[in-house]
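Note that this is a predicted model, so its numbers are computed, not measured. Side chains are part of it too, since the values below use all heavy atoms of this structure and drop only hydrogens, waters and symmetry mates. Chain naming here is simple, since letters A, B, ... match the order of the sequence lines and numbering starts at 1 in each.
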Amino acid sequence: MPSYNHLEIEPKWQEAWAEGAEKAEGTKAAGDPLYLLTMFPYPSGSGLHVGHVESYTAVDIVARKKRMEGHDVLFPMGFDAFGLPAENYAIKTGVHPAETTDKAMANFKRQFRSLGFSFDWSRELSTADPAYYKWTQWMFLLFYKNDLAYRAKAPVNWCDGCVTVLANEQVVDGKCDRCSTAVVQKDLEQWFFRITKYADRLLAGIETVDWPERIKTMQRNWIGRSEGVEVEFRGVKGEMVGEIGAERVHEAEFSIPVFTTRIDTLFGVSYVVLAPEHPLVDALTTIENREAVVAYRDQARKKSELERTQLEKDKAGVFIGTYAKHPLTGEEVPIWISDYVLVNYGTGAVMGVPAHDDRDFIFANKYSLPIRQVIAPPVGVEHDLAVAAYTLDGLLVNSSAFDGLTSAEGKNMIATAVESAGKGKRVTNYHLRDWLVSRQRYWGAPIPMTWCETCGVQPVEPSALPVVLPRDVDFLPTGKSPLVNSVTFHNVVCPKCGGPARRECDTMDTFVDSSWYYLRYVDSTNKEVFAEPEALKKWCPVDLYVGGAEHAVMHLLYARFFSYALHDLGYVDFEEPFLKLRNQGLILGPDGEKMSKSRGNVVNPDEVIEQYGADALRLYEMFMGPLEDAKPWDTSGIVGVRRFLDKVWMMRERVVEAKNVDATRAVHKTIKKVSEDIDGMKFNTAISAMMICANALHVAETIPRDAYESFVKILATFAPHLGEEIWHDLGNASSVFDESWPTYDATLLVDDLVAIAVQVNGKLRGTIEMDPTSNEKDVQDRAMATENVAKFVEGNEIVKVIYVPGRLINIVVK
RNA sequence: GGGCGAGUGGCGGAAUGGUAUACGCGCGGGACUCAAAAUCCCGUGUCCGCAAGGGCAUGAGGGUUCGAGUCCCUCCUCGCCCACCA
């Protein structure tokens, strides 16, 4: 059998490596530290996915190469261990999440080991470990003290399926990201992180990092900065009934601020719309219209976010019976409410300009409100306002003194006019909202706050951390945190007055845990601080971060917020946490569909390792295609890489101490190509290059020992077990990974003869073998001497000749 | 509706503006074998041709260039993301 026994050699080397386990700081004193990181997994009960294998293998290859090049490499692994699946499993079966999670983590570690990943296990962490979440809670307190964490009552997203509130980022298409239940809005008092304070810097920072453009765009859109003017519609008149605070209001002057990015269309306003939830609605609605307004508002409130957005095109509303004054003309404009205006963006009110906004156009037509043109399309552009709104820039018309200006000029001058009239100001708005971090669930880090009857909410003293998650709870979700009914948890005194107090029962969003884990790895066992400043300085920020694109606006944005905040508070000396980011593409099932249990197209890495070996699996996943592309799994493809590995294995029997220039040359070319491809993370073409080399060595009479050893060194980063096995079989006593990365001799990269393509008028008519340093005339003479070339040139005039040295000659004839 | 990608053999895919289809899978033929598996060798875009060779091919159509899968314009299809943000 010309085949190596992976069942024997893989476990053998895994055991040997475990003894001299991989450490970030060790044999290589050279320094130049590199921090390579993959997104840590949630320890799911179903174990490692082939998608994990892809990203971890990719970074493992880079880590091994960089170590061999003399770098100190930090390549850690841990577990994002808090989360809903384990808790939901507990609800169903009664098995405690801690138990489920411990079991899953043990299984993951077994699988990691069976794949030969060179993680530094001395730094392992789990976010569910009190020694870890002590510092998550510490960060919460730090943010609280610095006004970056606060409690507020606000309309929040509520999921009835998960029985908890959700962050904005966890609502997808109006549905819960996790269970797809339609999300409803509730007014609740919750804990928030003030991420909006960093909106501008998070936006600017994106420009400084080496991330996929796609992810950068998504973050820019999510932050959603837009510049405009907040302008006031004052002098709201009419008969007022309503209450503001406890006071009954009869006649008063109110002002409605609206936000617009199109202040150039100010003279086209024909009405103002408030969101149904707008606080002024109660105070402004007249008696005659009250019934209709209240009915409309109740109906809007009952709709889920999903229903409200699905009825996108249908714009309905109610006139509240009152008028406001236009800020510049003083003209009276009617005030409406409609749920096409969002209460939590801008001021919760907009000015209606039907001629130049699609939504206002629909609304105005429905209720026969005036459509007044104030922007004329540029010359040569036809537009019919009877059919649709004109929403592009143009020239101002019907705008009093501003007529004739371009939209850009108009924006500027009207903004200035509004400002000098004291009726408004230029403002910047963001789509980004503060991050809602409290959850009414069990399996997370408790929020380190207490409630005292006399002192109100008080932070736990940092010295009293961690606030340990109690075990005596009932998991069944009730809409309140399961911690509420714990007997042991609430036995606490107020940190301020010493009187009786209760603990905060909500836990933190698990994205809080994962927002800073990369900082903990640099000093993961420290009991005094989350990490020593020297350790942070040595390793951070992360040089290379690899993970899935699904975290674009969640984990990756939150983690950036954390590092900016910690930077400002003096704990880290950098702002951007991840200098270079790459996303691995999805590995699809053999049917080309996303792998899922329900579809039954899930590939289990354990089975592939059993049948083909870990090295073959690693190599195959790297060979499938570009790291960032989605690629379908094809089991028959693995046999190709396994054949390649067997071929390399069998070659060791033909190794000799003699020289063989052709073989050496093939290896040196491969060293160059593979070195460049690993640095560029083009693993598929690196493997292709190694296959080409193996095919060359395969037909070579003999294989010089030094060339073969170099080849084994580079292959070992991809196939560590086989690499180590061959290395020892060749008589070497130490590990192949203690070797230096091979270098190539540039003089060996050039062949004595190269094939030069001969074209006539750009069409290939033959190839000739020439010395690559030949001059143009020699090449042309040889080309012309070729029968087939002569045939096409003959009888024509040679207009010009293009010669690309060593590659191609093109004879242009007429 | 907006934004960003991508369309290359039977399949996964390769190609600093310079020999399109590398590498691998699959398939066909051969060697070895009593036979099979494994392995090895040869072939494999398409059409015409015995061959030499030639025509046509990188979603479609134009353009720039000595030369275009690659650059530019128009269009088609697919994927992903965002989506009443005023």
Side-chain angles (χ1 to χ4, degrees), chain A residues 1-3 172-174 212-218 220-222 224-226 228 258-262 265 273 308-315 338-342 344-353 356-360 362-363 391 429-433 549-550 552-553 585-586 592 619-620 623-626 628-641 643-644 646-647 650 682 684-692 694-695 698-699 755-767 787-788 791 799-813:
Chain A
M1 270 291 142
S3 179
V172 177
D173 281 340
E213 204 47 50
R214 211 162 48 98
I215 304 292
K216 290 179 158 192
T217 305
M218 283 166 73
R220 283 186 207 109
N221 291 344
W222 191 262
R225 180 191 160 99
S226 71
V258 305
F259 175 73
T260 179
T261 56
R262 289 301 304 271
T265 65
V273 205
R308 269 168 84 150
T309 51
Q310 270 181 352
L311 299 168
E312 218 169 283
K313 296 296 162 211
D314 181 39
K315 310 260 175 282
S338 172
D339 68 2
Y340 86 84
V341 177
L342 308 173
N344 51 3
Y345 184 77
T347 62
V350 303
M351 60 186 207
V353 185
H356 306 293
D357 181 279
D358 292 328
R359 296 152 299 189
D360 298 344
I362 294 167
F363 194 78
T391 58
N429 267 319
Y430 299 89
H431 171 243
L432 184 71
R433 307 292 149 75
E550 68 274 18
V553 290
L586 274 187
L619 214 63
Y620 173 63
F623 187 58
M624 289 171 84
E628 313 217 359
D629 288 7
K631 305 162 283 273
W633 183 270
D634 175 14
T635 299
S636 67
I638 303 175
V639 306
V641 294
R643 279 177 197 152
F644 160 69
D646 282 329
K647 193 183 275 186
M650 293 311 292
K682 289 163 25 176
N684 54 332
T685 51
I687 292 168
S688 159
M690 289 190 284
M691 285 173 166
I692 291 168
N695 291 341
H698 184 71
V699 298
I756 294 175
V758 181
Q759 297 182 336
V760 178
N761 285 350
K763 278 194 188 289
L764 185 70
R765 296 304 177 189
T767 58
E787 192 187 337
N788 199 47
K791 191 171 92 187
V799 184
K800 70 166 139 176
V801 176
I802 284 116
Y803 177 52
V804 184
R807 294 197 62 90
L808 165 146
I809 185 163
N810 186 13
I811 300 164
V812 184
V813 301

How close or far is atom P of B/rC23 from atom CD1 of A/Ile638, stated in whole angstroms? 21 Å
Inter-nucleotide P distance (B/rA83, B/rC76), Å rounded: 26 Å
Integer-rounded Å distance: B/rU19 C1' and A/Ile809 CD1: 14 Å
Kindly indicate whether the side chain of A/Met351, heavy atoms from C-beta on, has any atom under 4.5 Å from the side chain of A/Asp360. no
If you measure from the P atom in B/rU44 to the same atom in B/rA36, how many Å do you get, rounded? 26 Å
Enter syn or anti for the glycosidic conformation of B/rG28, syn applying to angles within 90° of 0. anti
Between B/rU16 and B/rG7, how far apart are the P atoms? Round to whole Å, please. 14 Å
Using whole Å, what does the distance between atom C1' of nucleotide B/rA37 and atom CZ of A/Arg643 come to? 12 Å
So, does A/Tyr340 get its side chain near the phosphate of B/rA86, meaning an N or O under 4.0 Å from OP1 or OP2? no
Under 3.5 Å, is there a donor-acceptor pair linking the side chains of A/Asn429 and A/Ser226? no
Between B/rG54 and A/Asn788, is there an OP1 or OP2 to side-chain N/O distance shorter than 4.0 Å? yes
Distance between the P atoms of B/rG63 and B/rA15, in whole angstroms? 29 Å
When the nearest nucleotide of RNA chain B is assigned to A/Asp646 and to A/Ala349 on a heavy-atom basis, which residue is associated with the more 5' position? A/Asp646
The answer to which of A/Arg262 and A/Arg214 contacts RNA chain B further toward the 5' end, by nearest nucleotide, is A/Arg214
Grab the stems for RNA chain B, please: at least three consecutive Watson-Crick or wobble pairs, both distances below 3.5 Å, written as range with range. B:1-7 with B:76-82, B:10-12 with B:23-25, B:26-31 with B:39-44, B:45-48 with B:53-56, B:59-63 with B:71-75
Contact between A/Tyr340 and A/Ile362 at the side-chain level, heavy atoms closer than 4.5 Å - yes or no? no
Distances under 3.5 Å between protein N/O atoms and the N/O atoms of nucleotides 6-16 of chain B, please, pair by pair.
unit_1 : atom_1 : unit_2   : atom_2 : d
B/rG12 : O2'    : A/Met624 : O      : 2.7
B/rA14 : OP1    : A/Asn684 : ND2    : 2.9

Counting neighbours of NZ on A/Lys647 that are heavy atoms of other residues, nucleotides or ligands and sit closer than 6.0 Å, is the number greater than 12? yes
Which whole number of Å gives the distance between the P atom of B/rC11 and that of B/rA22? 14 Å
Suppose you measure atom P in B/rG59 against the same atom in B/rG53; what distance do you get, rounded to whole Å? 29 Å
Could you tell me if the side chain of A/Tyr620 sits less than 4.5 Å from the side chain of A/Thr635, heavy atoms only? no
In whole Å, what separates the C1' atom of B/rU8 from that of B/rU46? 14 Å
Side-chain contact test, heavy atoms from C-beta onward, threshold under 4.5 Å: evaluate it for A/Val353 versus A/Arg262 and give yes or no. no
Could you give the distance separating B/rG1 and B/rG55 at their C1' atoms, to the nearest angstrom? 46 Å
